[in-house]
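Here's the structure, in structure tokens; my notes come after.
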Number of protein chains: 2
Amino acid sequence: MSVTLKRIAKECGYSVTTVSRALAGYDDVNETTRQRILEVAHNLGYQPNLVARQLQGQRTFTIGIITPPQIHHHEDDFFSLLIKGVNYAAAQYHYDLLISSRFPGTEEMDTYRRIVGGNRVDGMIVARTYQDDPRITYLQSIEHPFVVAGRSAPDLPSDFPYIDADSRVGVQMLVRHFIHYGHRHIGLILPPESVAFTAYRHAGYRYAFQDAGLTYHPEYVATGDLGEAGGYEAACTLLDRTPELTAIVACNDLMAFGAMAAVHARGRRIGEDVAVGGFDDIPAAQHAMPPLTTVRQPIYEIGERLTEMLVRIIADEPPAETQILIEPALIVRASSGQPRPQ
Amino acid sequence: MSVTLKRIAKECGYSVTTVSRALAGYDDVNETTRQRILEVAHNLGYQPNLVARQLQGQRTFTIGIITPPQIHHHEDDFFSLLIKGVNYAAAQYHYDLLISSRFPGTEEMDTYRRIVGGNRVDGMIVARTYQDDPRITYLQSIEHPFVVAGRSAPDLPSDFPYIDADSRVGVQMLVRHFIHYGHRHIGLILPPESVAFTAYRHAGYRYAFQDAGLTYHPEYVATGDLGEAGGYEAACTLLDRTPELTAIVACNDLMAFGAMAAVHARGRRIGEDVAVGGFDDIPAAQHAMPPLTTVRQPIYEIGERLTEMLVRIIADEPPAETQILIEPALIVRASSGQPRPQ
DNA sequence: TTGTAGGCGTTATCAT
DNA sequence: ATGATAACGCCTACAA
């Protein structure tokens, strides 16, 4: 079917070996011979079979990433942004990207094993870590190159290369900002404990209260699934249970959107009656109505830098820094409302 | 390094062939033998080398797609949405996705040749067609399976499998909507002619005027690059050149965002002074300020259906319909403003 | 029921 | 300067 070295060899009367070397630019090939071979290869439209090369070279120049499937349209921009960053950097380094999408759980682990164990990639990017993440355990156990967007929960070692935003500091800034605006009753929407960053963000919330000399109210904290629906439900719970709340902090922008919807559904005005804050600063945040106050995490750049890190780890030239904590930035927008008179 | 059939064979004293067949579930293997082999394979954590399989089977179970790199964060949600759809469907059919990002042009074509000619994928998804698209010409010339999101410009044959929204009808609906709202001076922002859908959308604009018995003003039409910046500049040109405009139709949402910014920059109110419309209905459209009136194109679903189509084409069981035109839907939002008194 | 041989397309090693 | 041989890991005739 397609043009192979053998075909070219036959065509111009040299051996496959010589053809291979001529094309690879070795200098032990007669210049005339090379010209002839190059010409034939070009005429035939030769393209090296990458799969064969991969098998022979035991290298794929491919990076793998597995994302959750996103059935609804705008479900999660986090991964989209991350992939954009990874994609861009990968191209710079002449790597391709292999993507597969699975729901977290058994299927996801099987896919890791299939792709990594099946030698389809030189390295993996693991995103959105869970507490005690089996994917990481697996990759460590077989010593396969990988980098992580995120890190372990605070009580577990993060003994792997990663880049993560300092969630604790981020939430702390956000809550402090609300406190400065005069809020005293601030709700918090947390994802399930199994998400690795939950504990960090929870800590940020507590620290902010502590710093301000305020008491921490456990009943101001609710849990919901990551995503708009989870945020909506958790916010409803909070608003119904503790109507004195004048601000709600959600652990990502998607949940914050849900919370805004809940505030609206309860007949209260976002910003004016109840301030809302998020985390991530996905593109939709600035376009939201009202625009969402949030903690900016440079997801795209994290994707880029992770990819660079991974490529270097694969090449066995790991950068000096392989555990990077990024200082997030507070982005104040209209969902904060105005500072309140004390 | 990793566990191979050979390794298992050695471990349990059978030949590689027998091991291979035991694992593949052939029935000409002694049941006891199979059990033994399965056990050893499991203990060793055997994972078949997918690359070797690909080489031997001349099949990759991988679909390829090449997107433009997106340096800025929220640059283009069209591809993100498409990929989400493709990704979801691909997983259903047990296909993986190979993604690479290149700017349109030589580099992109080289990447097509490298990946397709290099046997890395069983089929390609081509997105955002150009007029007389070299990628399509190439894929057709080597008879490699592919499907297209979009189709050829009106004057060229679309003799390949595709799914496209009926752009002409879409823009026509949008312009008619503005006419119904009482607008008579409606600007149009077009992407360059080289984009295949340009002519369709332009036609939709002209048809709407014709239907309403209004005259078409060429000076109400401007061209800009796809993307927010292009929309901004084109809208500035229009607003400065023909200040009588009370509405602007952009050929996609991103350009519409740029146009909104331009309207704002010229000190006019979006909706009230100048209505703005887009095309695509990317997630940001409904969160925009004000929410953007646009023509909804079900990008995610197109990705899903294209993938299904491609998988069937690869399996040599092409569906009955391989050229699908989707009727888009008009989504009226606040950027339309209110109907004007005649 | 099991094993041998050959090939997928490439590159590396070692002769000539 | 060129070529024969083997190997990457798998699968599939064909033989025994």
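Just so we're on the same page: letters track the sequence lines, and every chain starts at 1.
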Between D:dA7 (C1') and A:L55 (CG): distance, integer Å
9 Å
OP1, OP2 of D:dT12 versus side-chain N and O of B:Y26: anything below 4.0 Å?
yes
With a 3.5 Å cut-off and just heavy-atom distances, do the side chain of A:R7 and the base of C:dG9 make a donor-acceptor pair?
no
Would you say A:Y46 reaches C:dT10's phosphate, i.e. side-chain N/O to OP1/OP2 under 4.0 Å?
yes
Under 4.0 Å: is that the gap between some side-chain N or O of B:Q58 and OP1 or OP2 of C:dG9?
yes
Would you please confirm or rule out a distance under 4.0 Å between OP1 or OP2 of D:dT2 and any side-chain N or O of A:S15?
no
Could you tell me the separation between the CZ atom of B:R21 and the P atom of D:dC11, rounded to a whole number of Å?
12 Å
Are A:E31 and A:R34 close enough, and set up right, to give a salt bridge (Lys or Arg N to Asp or Glu O under 4.0 Å), and what steps lead you there?
CA-CA 5 Å; A:E31 201 44 40; A:R34 151 167 297 120; 3.4 Å; yes
Between C1' on C:dT11 and OH on A:Y14, what's the gap in Å once rounded to a whole number?
20 Å
Quick one: on DNA chain D, does B:V51 or B:T17 contact a more 5' nucleotide (nearest heavy atom)?
B:V51
I'd like to know if the side chain of B:T62 pairs up with that of B:D96 as donor and acceptor (distance under 3.5 Å, no hydrogens or angles considered).
no
Taking only side-chain nitrogens and oxygens of A:K6, does any of them come within less than 4.0 Å of OP1 or OP2 of C:dC8?
yes
Separation of C:dT11 atom P from A:N49 atom CG, nearest Å, is 10 Å
